[in-house]
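A short write-up of the structure that comes next.
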Amino acid sequence: QKEVEQNSGPLSVPEGAIASLNCTYSDRGSQSFFWYRQYSGKSPELIMFIYSNGDKEDGRFTAQLNKASQYVSLLIRDSQPSDSATYLCAGGGTSYGKLTFGQGTILTVHP
Amino acid sequence: DGGITQSPKYLFRKEGQNVTLSCEQNLNHDAMYWYRQDPGQGLRLIYYSQIVNDFQKGDIAEGYSVSREKKESFPLTVTSAQKNPTAFYLCASRPGTGGNYGYTFGSGTRLTVV
């Protein structure tokens, strides 16, 4: 069973703090990883993708990938209440472009 | 503006009834996907299609059917064989099946059995 597992939530952080979201995957054939943000009742929106080992930064977001450890993470710096949402980690290989999603982590940023 | 349109936004199904969820995209994407989302369970793949007139079963295809007669359209039918259809249904597309492309999602259809 090819799986993507996200760290148990929910996660609550104060405004201005760093939120750390983690994800592990079992399929070593997975080549690309994506982080989606989903507000309650809405569809997911892509916020980051990464396919090379190391860090990738975009504004307040940093994605990290460690293929040896099969580990992906998302750091949100200077967290804002508007970051409160469910964050979905997804991994994909070459099989028809299918993505396998984790169960999501609920993040709450409190003022 | 390019995007994916799902309709209706809310749908109510009676016992024993088949219902069809619409998904239309004007992004010129080749690949399209249907996912189901239940609370606390993330997204599970129902069906996917790489090209017109071709589609494959995903992880939870039982009780569902699809067609891909046009590149732009990938409707999903929830049949009476699907015993627990209440869920949030998401349609997605990407330019192709290779490369490092993420999905573009539609706004979803929330289906409820009444």
Side-chain angles (χ1 to χ4, degrees), chain A residues 1-10 21 23-25 27 29-53 56 58 61 63 65 67 72 74 85-106, chain B residues 3-7 9-10 21 23 25 27 29-51 54-61 66 68 74 87-110 112:
Chain A
Q1 179 75 18
K2 299 175 183 175
E3 292 184 347
V4 174
E5 297 281 345
Q6 294 187 235
N7 61 318
S8 59
L21 305 163
C23 175
T24 58
Y25 61 96
D27 181 11
S30 296
Q31 299 176 349
S32 305
F33 300 88
F34 304 85
W35 284 99
Y36 285 85
R37 177 176 62 200
Q38 185 176 28
Y39 292 115
S40 181
K42 304 295 185 182
S43 61
E45 57 178 321
L46 181 65
I47 54 173
M48 289 286 287
F49 74 91
I50 187 167
Y51 54 86
S52 298
N53 270 330
K56 179 181 179 182
D58 184 1
F61 299 99
L65 173 60
K67 290 187 177 182
V72 190
L74 179 70
T86 296
Y87 289 80
L88 299 166
C89 172
T94 57
S95 178
Y96 303 104
K98 292 184 295 180
L99 296 184
T100 299
F101 287 82
Q103 72 274 29
T105 298
I106 299 173
Chain B
I4 300 180
T5 301
Q6 288 188 243
S7 62
K9 188 172 182 179
Y10 298 97
L21 284 59
C23 178
Q25 54 101 356
L27 299 166
H29 285 176
D30 289 315
M32 297 187 74
Y33 307 82
W34 274 105
Y35 282 85
R36 166 181 172 145
Q37 187 175 33
D38 296 277
Q41 293 195 38
L43 277 64
R44 293 184 290 166
L45 182 63
I46 305 173
Y47 268 97
Y48 57 100
S49 170
Q50 297 181 87
I51 56 173
D54 182 66
F55 48 83
Q56 308 292 331
K57 292 181 179 180
D59 300 319
I60 56 165
V66 294
R68 186 89 187 272
F74 191 40
F88 188 42
Y89 290 86
L90 288 159
C91 180
S93 72
R94 70 197 299 265
T97 55
N100 299 308
Y101 300 110
Y103 290 163
T104 299
F105 281 96
S107 57
T109 293
R110 196 165 298 277
T112 303

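Proteins come first, then strands; the chains are lettered A, B, ... in the order of their sequence lines, and each starts at number 1.
- Contact between P44(A) and L90(B) at its shortest, heavy atoms only, is CD-CD1, 3.7 Å.
- More than 12 non-hydrogen atoms from other residues, nucleotides or ligands lie less than 6.0 angstrom from CZ of F61(A).
- Contact annotation for F33(A): neither backbone nor side-chain heavy atoms come within less than 4.5 Å of a heavy atom of chain B.
- At most 12 heavy atoms of other shown residues, nucleotides or ligands fall within 6.0 angstrom of atom NZ in K57(B).
- Classification of the Y103(B)-F101(A) ring pair by plane angle, with boundaries at 30° and 60°, yields tilted.
- Note that OH of Y35(B) and NZ of K98(A) are 8.5 Å apart. Values are rounded to the nearest 0.5 Å.
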What's the verdict on side chain to side chain contact (heavy atoms under 4.5 Å, CB included) for Q38(A) and Q37(B), showing C-alpha distance, side-chain angles and the deciding distance? CA-CA 12 Å; Q38(A) 185 176 28; Q37(B) 187 175 33; 2.8 Å; yes
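- Across all their heavy atoms, S43(A) and S107(B) have their closest contact at OG-CA, 3.8 Å.
- Taking CD from Q103(A) and CZ from R44(B), the interatomic distance works out to 12.5 Å, rounded to the nearest 0.5 Å.
- The OG1 atom of T100(A) lies 8.0 Å from the CG atom of L45(B); values are rounded to the nearest 0.5 Å.
- Here Y101(B) contributes atom OH and S32(A) contributes atom OG; the two are 11.0 Å apart, rounded to the nearest 0.5 Å.
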